[in-house]
**Student:** 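Before I ask anything, let me first share the structure, which is written out below as structure tokens.
The figures that follow rest on heavy atoms only: side chains count, while hydrogens, waters and symmetry mates do not.
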Amino acid sequence: MAANGRIETFGFSTHGGKPDLTGLDADLCDIAETGATHAELSLFAYDLIAGGRLLLDRVRRLEAICARHDLNYTVHGFLAANFMATADLDRHIAACSAMIELCGILGAKVMVHHAGIAPTMAEEPLKQLFRQERHCLRQMGDLAARHDIRIAVETLFVDRADRTTADPARLARQIREVDHPNVVGTLDFSHAYLMTSWRGLDLREAVRAFAPVAGHCHVHDSFGRPKRTRTMAKAEDMAFGEGDLHLPIGWGDIPWDDLLPELAFLPETIFMFEIPPRYRSELKACAETARRLIPAIGSRAD
């Protein structure tokens, strides 16, 4: 599937509510009121899967909540899922498999999955873990295909010398080597910024390398500065401009207006804002930003 550059829809991730789904209905109401077409269900945060098994009473409650809103859904899978794990890999596969089944029940078309993270090691043993990840992704891709779902592997970052993950260009190569129609990428712009800053790479080159395999976007702002200061409050992180801040566009310094026109994405890619509850008053402003930026996406892509 060739990248075509165009994005036509936007949405917001859910972050409100409690593990028993209390508050999710109100969260989806707020998203729908912005005119967004999609909501990304942060299902890693809700008590829906136990030991790789769906809790069907809670799943039915989730179905009923989602059905009340005129929204399409994507899902963020488990944050801890790691196909480069060196122990208990079967548990990661079981949890991910259950999440894919849950996506199928909900009719969600995308499940975001975190790229692998490993201890820092020599290149040859690291290559073996990348091979392990590719094998797992093909296995999960086959399962996802049965539910008409795309697994979208997300760009991550590290800010410690004892851990490693693929930078955006290497992750793009990894996804191409997986070579499965149901496995694509999630371009998280702020994660890419942090990772390229950590590695001393160029952000523009990195996102241009990744965008052609991306079938999903996570949109939030930052300053690309790994966290160094021992802060006492989230507001202090923002003041120092450090870490994965998940700011509304324009609060950080990612050059969105210059960057987005150069990027060509896969068809059906969604511009998904990941804005935490502390900035929920900015949802409507973010929606207006999306309406301004989306028409220019891919306009200067090669």
Side-chain angles (χ1 to χ4, degrees), residues 11-28 31 38-63 65-66 71-85 88-117 133 136-137 140-141 143-144 147 149-158 165 183-188 190-191 215-220 234 243-246 270 272-280:
F12 292 91
S13 60
T14 64
H15 288 285
K18 299 178 181 178
D20 66 354
L21 301 172
T22 303
L24 177 59
D25 196 47
D27 205 7
L28 293 175
I31 292 171
H38 286 71
E40 184 151 295
L41 301 167
S42 300
L43 297 191
F44 60 84
Y46 301 115
D47 293 335
L48 297 162
I49 297 170
R53 175 175 52 87
L54 294 176
L55 302 177
L56 293 178
D57 287 346
R58 289 186 175 232
V59 170
R60 285 192 285 270
R61 194 185 316 163
L62 174 62
E63 282 186 277
I65 292 169
C66 291
L71 289 164
N72 300 296
Y73 295 102
T74 65
V75 164
H76 200 310
F78 292 109
L79 305 182
N82 183 8
F83 290 158
M84 293 174 75
D88 302 317
L89 181 61
D90 58 329
R91 298 179 190 177
H92 294 256
I93 291 171
C96 184
S97 298
M99 187 66 80
I100 291 170
E101 182 182 353
L102 180 52
C103 291
I105 291 170
L106 296 172
K109 297 301 183 184
V110 173
M111 188 193 81
V112 176
H113 173 82
H114 276 185
I117 292 181
E133 181 183 42
C136 293
L137 286 171
M140 293 297 101
L143 179 59
H147 295 282
I149 294 162
R150 294 200 294 189
I151 298 173
V153 185
E154 182 177 359
T155 52
L156 292 188
F157 69 97
V158 294
T165 192
V183 179
V184 298
T186 295
L187 176 54
D188 186 304
S190 181
H191 291 177
H216 200 63
C217 290
H218 277 171
V219 182
H220 48 99
K234 290 289 186 182
D244 189 23
L245 297 169
H246 284 259
I270 300 163
M272 185 66 67
F273 287 92
E274 278 197 312
I275 305 298
R278 65 184 298 113
Y279 308 128
R280 293 309 252 194

**Student:** Ignoring hydrogens, what is the shortest heavy-atom contact between Val153 and Ala115? Give both atom names and the distance.
**Tutor:**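 Between these two residues, the closest heavy atoms are CG1-CA, 3.8 Å.
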**Student:** Of Leu106, Leu71, Leu102, Thr74, which meets side chain to side chain contact (heavy atoms under 4.5 Å, CB included) against Leu41?
**Tutor:**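 In the set Leu106, Leu71, Leu102, Thr74, the residue that makes a side chain to side chain contact (heavy atoms under 4.5 Å, CB included) with Leu41 is Leu106.
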**Student:** Please find the pair of heavy atoms, one from Ile151 and one from Gly141, that lie closest to each other, and give the distance.
**Tutor:**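 Answer, listing the atom of Ile151 first, then Gly141: CD1-N, 3.8 Å.
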**Student:** Could you grab the distance from atom CE of Met272 to atom NE2 of His218, nearest 0.5 Å is fine?
**Tutor:**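 Separation between the atoms: 6.5 Å.
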**Student:** Check the orientation of His76 and Phe44. Use parallel for under 30°, tilted for 30 to 60°, and perpendicular for over 60°.
**Tutor:**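 Correct class here is perpendicular.
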**Student:** Would you say Tyr279 and Leu245 make side-chain contact, with heavy atoms under 4.5 Å?
**Tutor:**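 No; the side chains remain at least 4.5 Å from each other.
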**Student:** Where do Ala95 and Phe78 come nearest, in terms of heavy atoms and distance?
**Tutor:**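 Looking at all heavy atoms of both residues, the closest pair is O-CE1, 3.4 Å.
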**Student:** For side chain to side chain contact (heavy atoms under 4.5 Å, CB included), just list the numbers for Arg150 and His216, CA-CA rounded to whole Å, side-chain angles, deciding distance to a tenth of an Å, and then say yes or no.
**Tutor:** CA-CA 10 Å; Arg150 294 200 294 189; His216 200 63; over 6 Å; no
**Student:** Can you confirm whether Pro276 sits close enough to His220 that some side-chain heavy atom of one is under 4.5 Å from a side-chain heavy atom of the other?
**Tutor:**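 No, every pair of side-chain atoms sits at 4.5 Å or beyond.
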**Student:** Taking only residues at least two apart or on different chains, which pairs with a member in residues 95-110 satisfy side-chain hydrogen bond (donor to acceptor under 3.5 Å, both in side chains)?
**Tutor:**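 Qualifying pairs, neighbours excluded: Lys109-Asp148.
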**Student:** Closest heavy-atom contact between Cys66 and Tyr73?
**Tutor:**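 In this case the closest contact between Cys66 and Tyr73 is O-OH, 2.8 Å.
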**Student:** Using every non-hydrogen atom in the two residues, find where Met99 and Val75 come nearest and quote the distance to one decimal.
**Tutor:**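 Closest heavy-atom pair between Met99 and Val75: SD-CG1, 4.0 Å.
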**Student:** Scan for salt bridge (charged side-chain N to carboxylate O under 4.0 Å, His left out) pairs involving residues 14-25, sequence neighbours excluded, and state none if there are none.
**Tutor:**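 As it turns out, the salt bridge (charged side-chain N to carboxylate O under 4.0 Å, His left out) pairs with a partner in residues 14-25, which skip direct neighbours, are Asp25-Arg68.
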**Student:** Which pairs, with at least one residue in residues 74-84 and sequence neighbours excluded, count as a salt bridge (charged side-chain N to carboxylate O under 4.0 Å, His left out)?
**Tutor:**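 Matches after skipping sequence neighbours: none remain.
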**Student:** Please report the closest heavy-atom contact between Glu274 and Ser13, naming both atoms and the distance.
**Tutor:**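 The answer is CA-OG, 3.3 Å.
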**Student:** Name the one of Leu62, Thr14, Ile49 that satisfies side chain to side chain contact (heavy atoms under 4.5 Å, CB included) with Leu43?
**Tutor:**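 The passing option is Leu62.
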**Student:** Are side-chain heavy atoms of His113 and Met140 found at a separation under 4.5 Å?
**Tutor:**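 His113 does not reach Met140 side chain to side chain.
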**Student:** Is any side-chain heavy atom of Arg53 less than 4.5 Å from a side-chain heavy atom of Leu55?
**Tutor:**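 Yes; the side chains approach each other to less than 4.5 Å.
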